[in-house]
Amino acid sequence: MSTQSYQVIGTRPIRHDGVDKVTGRALYGADIQMAGLLHGAILRSPHAHARIRSINTSKAEALAGVKAVVTAADFPPTGDRIVDLGEGETPLSYIRGNILASGKVLYRGHAVAAVAATSPHIAAEAASLIEVEYEPLPCVLTAPEAMRPGAPLLHEDLKTKEFGQQTDRVSNIAEHFRHSLGDLEKGFAEADIVLEREFHTATVHQGYIEPHNATALWNNDGRLLIWCSTQGAFVVRDTTACILDLPVSQVKVTPMEIGGGFGGKIPVYLEPVAALLSKKTGRPVKIVMSRKEVFEGTGPTPGSFIRIKIGAKRDGRFTAAQADLAYEAGAYPGAMVGAGAMTVFAAYDIPNVTIDGYDVVVNKPSTAAYRAPGATNAAFATETVVDEIAEHLGLDPLDLRLKNAAKEGTRRADGLKYRRIGCVEVLEAMKAHPHYRAPLEGANRGRGVAIGYWFNAGLPSSCTISVNADGSVTLVEGSTDIGGTRTSVAMQAAEVLGIPAGSVHPVVVDTDSVGFTAVTGGSRTTFATGWAAYEAAQDVLRQMKERAAKLWGLEPSAVRFEGGHFRASGHEISFAELAARLAETGGPVVGRATVNPRGVGGSFAGCIVDVEVDPETGKTSILRFTSIQDAGRAIHPSYVEGQMQGGSVQGIGWALNEEYFMGPDGEMRNSSLLDYRMPTALDLPMIDTQIVEVPNPGHPFGVRGVGEANIVPPPAAIANAIYRAVGVRMRRLPMSPPNLMQELWKKS
Amino acid sequence: MARVFIPSLLRSFTGGSAEVEANGATVRELIEDLEARYPGIRQRLLEGSHLRPNISVAVDGEVSPLGLLETVSPTSEVHFLAAIKGGMAPSMGSLSPSSAP
Amino acid sequence: MQKKMHVTATINGEVQEFLCEPRQSLLECLRDILHLTGTKEGCNDGNCGSCTVLMDGRLVTSCLVLGPEASGAEIVTVEGLARGRELHPLQKAFLEQAALQCGVCTPGFLVAAKALLDREPQPSEQRIRWWLANNLCRCTGYDKIVRAVQQAAAELAATQGGMNRL
């Protein structure tokens, strides 16, 4: 496959939605205007943990301009059941409870009530007039604290599950699971060196620039219409229908342009609330979160406590590894610890492994996915221990990794065996990169490396392709385009049809207008929706061959398609020429496909980073950064590089500055973009990239998916670089100036 | 017979064995055969006639979108995995848009 | 309800009149009253730069300017960058360099970068980074944005009269 030459794949066309996005014409969720539009505002809990004694909405309702107030009592009584809404199965009561609290509030910022009014200012004022009487309860904010016997309980009925078994242990540990492979004791006994280290990572936010928003109109015909910013319109449809006890066919969701998501725009927060307000008022209602609400009320990604133990022979071969991962789920079960456990040693072939995972609820916002969720925390721990082993054994850190690298056939601790993966290729590319050998001189400077993994996902996607008489096609898909996927999907159809990327017009449509399509997440869109486009294009070709055969009086099997032309003995017609003759050969041609693909190919990403630490202030500067990732096949290399650069910089922010700075009362003390310090252009150098292509045999073009693995290695690589710069091993994220100074002071 | 990998926390049913053999043309049949050999294990994998929430099944290295209906061959490797909510991939086998029960 | 105020301002070269409440920000006026929704809100406290516009040639975050303060001012928003059907060299460069992913910060970056190139036609990389540090992008890691500004600067320099563009 790698020797095949492509016409479209691997080129860098201008993205189809580009002009609208540089002229300000593209419509995002908050841009919706419509006649009679009301504006919603949400009242949120000032306590991290409290019982709600009463809610009095009369003063708010009396304010001029207020049209409706809703609380959890306005939800229909659907009872509880288990639902799967795109990210694994969850009790409906948890999803509903997070949207509007009932009985108890579980974190500061937990939504309690909502108002619709004629302007956003009146709505905000009215929300502040709602009187809620709380009985404050003690709160727990970290996993180790919440796991302690006697810790305050978030859910008094939550019993720890152990692989399908409900135990009778009531605690904040929602689930405990274990993966084990081989004989751990024997493995450690064989080791010449065993290192055991503990790590803490802070809660961080995805930090998309566009706040959550939703507009709902409960129409007079009983249908609920929603316009919103989401990674998955069908997830919004299904969640909203479940919560409001409606058949899914009664809900239509139109995904607007989305201003970033990174996993954080999979959960549903506002849509059912806007819907209830619209039902009460008979008017469309728009709710847009403030930045503070985004920080306090939407899913950050878990903070964690991790213990790693690795044993190695003198020659560097790993003999055993053990991990304990306790991830903070936030207010409701569902930390990303399952993924953490499946990635913590994913880069290595280790014969004896045990991994224990704990999903722990704490009084912080319910966590959501964030770009390779769970994997960055885990790799920070593993990859710094691996670096320490290399140091102890006097080995090059990349040589040590290569010696133990996972490859096709390696069995992971969760039991699965790898198919073709690019771990070795990425490590070799890192070793061969000029950055790795470049001299790095000067005081307080150091270089670090690390590698990370993400599985990527398959999941259903649907697509139709209509052929236009001018030789172009219209491609209809259901994947919201967060970073150029209209184009990477369209390019795969163009490649099949032998037409330029610009002759495919991709449109992302509402849930009435395309078959079910899972979220834009899991690095799946270019892989799975691209595959649907590939199949739909094949369907177009099949029908077009029939038309050519009709023109020529031949059997369809006599027609072949090559180089953009249909050919049979003595006959030839281009795709565009035949497109102009569809009317006379039988009418329009529409190709369609739905896929739920197997053959998902995971991606490895590595990075090389040079830092300089200011020993006076503890500030770490990134001098040079190189990201190297296995894309399988880079459909549009510019947007692959863009994913690598963006993921790397989010990893840098996570490493150096970002954290929920929590007061003991559970209040986030830095809930603004001034104080929650994301990297700016001035904090960074250029982010160099090198795309490795180890084609995924499971995809027609070899695509793996590149959205996520790139965020995984930077914190560990930076920690390793800091060690080489100033001699301290950082085992806490973020490695912010105060945290780094503490370690420097301890050392001196 | 297919090779079935038993999750660590279910090995009490198999006398500590991490890997056992079982017959069945589908995952559902395979679980019935496991139950005959290791009584009690079915109830840890199924809730009623469905896979338990947060358990997914992988056949030949790939988490199956079909779950219990997935075909198993005599040379297959079958894994039952804890699919904790979140993170897409571990739960990727169990997506059913508006699933009951 | 507060009494509305009458405001006259030149917006993207055209004189516009509108009524706004004194508490409404320029950002709200642009988006909700004038329907110029290209200017985005990311934080409403001046820290993300998504709502950046030019006000009498000066860069402002429009969420921190009150609507009535725009009285008599000349405002340029992202909608005012292209000349008719011709994109501004910065807009072209952003497309060619793939300098946007989700695109929600892009209007603010374009306006800020235009202000830079209007003042300093040939900024260094460090100067570009310093100038754009008021604008947050969470998708791109800034690499391709910086390159796009460099490309636009080079194109403007190569074009006769490029420095005199609006």
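Keep in mind it's a predicted model, so treat the numbers as computed, not measured. So you know, we letter chains A, B, ... as the sequences are listed, proteins then strands, and number each from 1.
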At a 4.5 Å cut-off on heavy atoms, which part of [X] comes close to chain C: side chain, backbone, both, or neither?
{"X": "A/E293", "answer": "neither"}
{"X": "A/V649", "answer": "side chain"}
{"X": "A/I258", "answer": "backbone"}
{"X": "A/E210", "answer": "both"}
{"X": "A/L27", "answer": "side chain"}
{"X": "A/S638", "answer": "both"}
{"X": "A/T23", "answer": "both"}
{"X": "A/Q206", "answer": "backbone"}
{"X": "A/A26", "answer": "backbone"}

With a cut-off of 6.0 Å (strictly less than), are more than 12 heavy atoms of other residues, nucleotides or ligands near CZ of C/R119?
->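 Yes, CZ of C/R119 has more than 12 neighbouring heavy atoms, counting only those of other groups under 6.0 Å.
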Determine whether more than 12 heavy atoms belonging to other residues, nucleotides or ligands lie under 6.0 Å from atom CZ of A/R25.
-> no
Under 3.5 Å, is there a donor-acceptor pair linking the side chains of A/T525 and A/T485?
-> no
Classify the side-chain pair A/H435/A/Q690 by whether it contains a donor and acceptor separated by less than 3.5 Å.
->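 No, no side-chain donor-acceptor contact under 3.5 Å.
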Interface residue of largest heavy-atom contact number with chain C, from A/K21, A/M678, A/R291, A/Q645, under 4.5 Å | A/Q645
For chain C, which of A/V22, A/V294, A/D683 has the most heavy-atom pairs under 4.5 Å?
->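 Highest number of pairs under 4.5 Å: A/V22.
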If you count heavy-atom pairs under 4.5 Å between each of [options] and chain A, which one has the most?
{"options": "C/P107, C/C139, C/G49, C/G38", "value": "C/C139"}
{"options": "C/L95, C/T106, C/L132", "value": "C/L95"}
{"options": "C/Q126, C/Q91, C/Q24, C/E28", "value": "C/Q91"}
{"options": "C/Q97, C/E41, C/E96, C/E125", "value": "C/E125"}
{"options": "C/L110, C/T77, C/L100", "value": "C/L100"}
{"options": "C/T39, C/V104, C/V146", "value": "C/V104"}

